[in-house]
Amino acid sequence: MKIVVCIKQVPDAKNVRIDPHTHTLVRQGVESIINPFDLFAVEAALRLKDRHGAHVTVMTMGPPQAEEALRDVLSRGVDDAVLLSDRAFAGADTWATATALAAAIRKLGEVSLIFCGKQAIDGDTAQVGPELATLLDIPYATFVKQVELEDEGHLRVVRKTDEGTEVWRLPLPALVTVLRDVGDPRLPSVKHKMRAKKAAVPVWSAADVGLPEDRVGLKGSFTQVVRVFSPPKRADRWMLEGPVADQVEKLYQYLKEAKVPGL
Amino acid sequence: MIQELAEQIAREKIRPVRAQLDEAEEFPTEILKILAQSDLFGVCIPEEYGGLGGGILENCLAVEQLARACIGVATSFAASGLGAYPILLYGSEAQKAAYLPDIAAGKRLAAFAVTESGAGSDVTAIRTTAVKDGDFYVLNGTKQWITNGGEADIYTVLAVTDKTKGPRGASFFIVEKGDPGFSFGKKEKKLGIRASATRELVFQDCRIPADRLIAREGMGFVIAMKTFDKSRPGIGALGVGLAQGALDIAVEYARKRIQFGKPIITFQAIQHKLADMAIKTEAARALIYAAARHLDTDPPDAGKVAAMCKVFASDTAMEVATEAVQVLGGYGYMRDYPVEKMFRDAKILQIYEGTNEIQRNIIGQELNKEYGRMKDTFF
C-alpha cells in the first residue's frame with residue numbers, strides 16, 4: 001500500500017506577531033514549525049504502516065526551507081519525501097495548492113491513501129484536503145479520529161462531527177483529514193534521523209508535475225486576500241451579580257426581551 | 001544527534017509526568033517504550049547486534065539529557081545497559097546474538113544483580129550459590145535492591161561457584177524472567193528515584209542451562225569490575241544531568257521571584273550561590289566528557305578514572321540540588337516544585353553502583369600502585 005501525507009510549514013503560533021499597519025502576519029524572523037495537525041496525519045500513516053506495512057511518502061509545497069520540515073518527518077519513520085518548490089507556486093490559494101499537490105500525487109503513480117491534517121493553524125481553511133480529493137476524483141472523509149484498514153480495498157473511519165460520531169466505510173483510494181485523536185505523534189529515532197540527514201529530497205517544479213504556470217500560484221488562484229483585519233471587539237458586556245437564582249432570572253428576562261427563539 | 005533526541009524526549013515526554021511518576025512510585029513503562037522506539041537502548045551496543053555502536057561518551061550524552069528531567073526514569077534506562085555489559089564484554093557469540101538485539105531494541109529490559117543483604121560494598125561477601133548439575137546450574141540465594149527487578153526480562157547475576165577460592169570463586173550467569181525457581185520479592189519504598197523499580201530477586205533451586213554461564217567459572221569479580229569501569233561514568237552523567245536540571249529551575253526561579261522589590265537574582269547572596277552551582281556542574285560535565293573519551297580507548301587506569309567520574313559528579317549533584325532547594329526557599333521544600341524531588345533523588349547517586357567511599361578507596365589504592373611502579377622521584 002502506498003500512502004501520501006501532505007504537510008505544511010506554518011509560523012510558530014507562540015511567536016506570531018501581527019503587523020499593526022497591514023494587519024497581516026509578520027513572517028520575517030518567525031520560526032517555522034510543522035502544522036501540528038499534520039503531525040497527527042503523519043502518525044496515522046505510520047500506525048497503518050506499523051500494522052499492515054506500507055510505503056509512506058511525505059509531500060509539501062513551499063519555499064526551499066520547507067525541506068527542513070520534510071526531514072523532520074523522515075526522522076520519524078516516513079520512507080521518502082517530495083518538495084514542491086517553484087516561484088510559480090507563490091501566492092497560491094487553497095485551490096491552486098491542491099492543484100499542484102494533485103499533479104504531484106498523480107506523478108507518484110498508484111496511491112491508495114492520502115492523509116492531511118484537519119486544517120493548518122495559519123490559514124485555518126481546512127479546504128486543501130477536500131479540494132485535493134475532488135481534483136483526484138476520490139472519496140474523502142474529514143475530521144477523522146480513528147482509521148482502520150477493513151480489508152484490501154476499504155478503510156473504516158470514525159468522524160467526529162458537531163452532532164456526534166459517524167462511522168464510514170471508504171473505498172480506496174481515498175483521502176482522510178485527521179484530528180489529534182488518531183494518536184500522539186511519535187518522536188524521531190536515532191536510526192531514522194541518520195537516514196533523514198542523508199536522504200535525497202527531490203524538488204519538483206510546476207513543469208516537473210506537468211502544470212502550466214497559469215494554473216498554479218497566484219495566477220491559478222480563484223481567491224485573493226484583499227484585506228486582513230481583526231474583527232472589532234464587542235464592548236457591550238454585562239456582568240450578572242448577586243445570588244445565582246437572581247442571575248438566572250435576570251438572564252432569562254434579558255433573553256426573553258431579546259426575543260431569543262424558544263423563550 | 002543522540003543528545004538532541006534524548007533532550008527532546010526528556011523535555012516532551014519525561015518532564016510533564018515526572019512528578020506524577022514519583023508520587024505514584026510508578027514504573028515508567030510508557031517512557032521506556034518511547035526510548036525503545038527512539039533506538040536509544042542500543043546506544044552502546046555494536047551495530048551488528050542492532051545497536052548504534054556508540055561508546056561510553058555516547059551513553060553519557062544520552063543519560064545526562066534524560067537525567068535533566070528525571071533520574072528515576074534515567075536510572076531505569078541506564079540499568080538495562082548495566083545489565084547488558086557483562087554479556088557485551090564477556091558473553092559468547094551465541095549469548096550476544098541471543099540477548100543483545102532485544103536489549104538494543106528495548107524489547108527486553110536487562111538488570112544487573114550483585115548486591116545482597118550482607119554484601120554491598122564488600123562484594124566478596126555474596127552468598128548466592130550456583131552449583132553445576134549436569135548440563136545445568138542450580139542457583140540458590142537472594143539478591144537485594146536490584147534496579148529493574150521484576151520489570152526486566154534478562155538478569156546478569158553474580159553467584160559463588162567455588163567457596164574455597166574466595167574472590168576467584170564467583171561467576172556471572174544470565175537468568176531469564178520465568179526460569180523455574182526464580183521469583184521476586186516486594187518492591188522497595190525509596191527516598192528518591194521512585195519511578196524506578198527496586199526489588200529482591202529470589203532463587204530457590206533455580207535451574208538454568210549451563211550455557212548461561214558468562215565466560216568461565218571464577219571470572220565473576222573481573223566481569224563485575226570491568227562492567228563498573230564502563231558504567232560508572234554513566235552515573236556521573238546522571239549527576240551532571242540532575243545538577244543541570246536543578247540549576248535550570250533555580251536560575252529561572254531567581255529571575256522571577258521578587259523580594260524587597262527586586263528579583264532575588266539581583267542579590268549577591270543568590271548570585272554567588274548560582275555561580276557556584278554553575279561552576280561545579282560545568283566542572284563535572286567537563287570531567288565526564290573528557291573521561292568518557294579517555295575510557296573509550298580502554299586505558300589501563302580505567303578503574304580510577306571511572307571512579308573519579310562517579311564520585312565527583314554525584315557529590316556535585318547532591319550539592320547543587322541542596323543549594324537549589326535553598327534558592328527556592330519554602331517553595332523549594334514543597335512537592336509543587338521539582339527541586340524537592342531532585343534533592344531526594346540526588347542522594348542515591350552517592351550510594352549506588354559503589355558508594356562514594358568505595359570509589360575513593362579505588363582511587364587511593366590505584367594511586368598507591370601507580371606511584372609504586374614509578375622509578376623516578378618528584379622530590
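Letters go in sequence order (proteins before strands), and every chain restarts at 1. As a basis for the values below, the full set of heavy atoms in this structure was taken, side chains included, without hydrogen atoms, waters or symmetry mates.
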* Asked: How far apart are the C-alpha atoms of B:Q37 and A:L187, what are their side-chain angles, what is the distance that settles it, and do they pass the side-chain contact (heavy atoms from CB on, under 4.5 Å) test?
  -> CA-CA 8 Å; B:Q37 232 175 29; A:L187 292 177; over 6 Å; no
* **Region of B:I9 that comes under 4.5 Å of a non-hydrogen atom in chain A** => both
* **B:K226 atom NZ, over 12 foreign heavy atoms within 6.0 Å** => no
* Verify, without hydrogens or angle tests, whether B:D39 (side chain) and A:K191 (backbone) share a donor-acceptor contact under 3.5 angstrom. => yes
* Asked: Does a sphere of radius 6.0 Å around NZ in B:K107 hold more than 12 heavy atoms from other residues, nucleotides or ligands, not counting ones at 6.0 Å or beyond?
  -> no
* Structure fact -> Looking only at heavy atoms, the pair that brings B:L5 and A:V190 closest together is CD2-N, 3.5 Å
* Asked: Does atom CD of B:E252 have more than 12 heavy-atom neighbours, drawn from other residues, nucleotides or ligands, at distances under 6.0 Å?
  -> no
* Rounded to the nearest 0.5 Å, how far does NZ of A:K193 lie from OG of B:S38? -> 10.0 Å
* Asked: Do B:L52 and A:M194 come close enough that some side-chain heavy atom pair is under 4.5 Å?
  -> yes
* To do: Flag yes if more than 12 heavy atoms outside B:Q8 fall under 6.0 Å of its CD atom; otherwise flag no.
  => yes
* Are there more than 12 heavy atoms of other residues, nucleotides or ligands under 6.0 Å from atom CZ of A:R87? -> no
